[in-house]
Amino acid sequence: MGTVAFYVGAAVAEIAGCFAFWVYFRLGKSVFWLAPGLVSLVLFAYLLTRVDSDFAGRAYAAYGGIYIAASILWLWLVENRTPDRWDLVGAAICLLGAAIILWGPRGT
């Protein structure tokens, strides 16, 4: 499984886990939403450790861009709200930043 796949898996797990808490606290659904939310957040943390990076800070920084783009997809696919052009432009900028962090040449 490559770096991008781990990032995408981590993003889905984190967003799903946080959404479970959102559903409980903001939408007043059953407390039983919290259990799969916790499992999903543990999976997120595990997947992020699988990223091929020598430094946690760099892995987390690049993940931020992936997370933002995945959140916009979640907005569209799960919450059924079409992203506007500013959502899309912002996500594209974040993905560009993540790519620079991930694949930019290192002078060391």
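Here, residue 1 is the first one in the sequence, and each next residue gets the next number. For the numbers below, each heavy atom of this structure counts, side chains included, while hydrogens, waters and symmetry mates do not.
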Taking the six-membered ring for Trp, are W33 and F19 parallel (under 30°), tilted (30 to 60°) or perpendicular (over 60°)?
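It falls in the perpendicular class, over 60°.
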
Fit a plane to each ring of F25 and F21, take the angle between them on a 0 to 90° scale, and name the class: parallel (under 30°), tilted (30 to 60°) or perpendicular (over 60°).
parallel

Nearest 0.5 Å, please: how far is [atom2] in [Y] from [atom1] in [X]?
| X | Y | atom1 | atom2 | result |
| --- | --- | --- | --- | --- |
| L102 | L95 | CG | CG | 10.5 Å |
| I72 | C94 | CD1 | SG | 9.0 Å |
| W103 | T3 | CH2 | OG1 | 7.5 Å |
| W74 | E79 | CH2 | CD | 8.0 Å |

Of the non-hydrogen atoms in [X] and [Y], which two are nearest, and what is the gap between them?
| X | Y | result |
| --- | --- | --- |
| V51 | A59 | CG1-CB, 4.3 Å |
| I68 | A91 | CG2-CA, 4.3 Å |
| I101 | A61 | CD1-CB, 3.9 Å |
| P83 | L88 | CB-CD2, 4.0 Å |
| A11 | A70 | CB-CB, 3.7 Å |

Does some side-chain heavy atom of [Y] sit less than 4.5 Å from a side-chain heavy atom of [X]?
| X | Y | answer |
| --- | --- | --- |
| F6 | D52 | no |
| V31 | Y24 | yes |
| Y7 | L48 | yes |

Check for a donor-acceptor pair, side chain of S40 on one end and backbone N or O of P36 on the other, with a separation under 3.5 Å.
no

Given the rule that I, L, V, M, F, W and Y join up when any side-chain heavy atoms are under 4.5 Å apart, are [X] and [Y] in one cluster?
| X | Y | answer |
| --- | --- | --- |
| V42 | V8 | no |
| L43 | V78 | yes |
| Y63 | Y46 | yes |
| V39 | L34 | no |
| L41 | F32 | yes |

side-chain contact (heavy atoms from CB on, under 4.5 Å) assessment of I15 paired with F44:
CA-CA 9 Å; I15 295 165; F44 147 70; over 6 Å; no

Walk me through whether Y67 and E14 qualify under side-chain contact (heavy atoms from CB on, under 4.5 Å).
CA-CA 8 Å; Y67 176 83; E14 183 180 14; 3.2 Å; yes

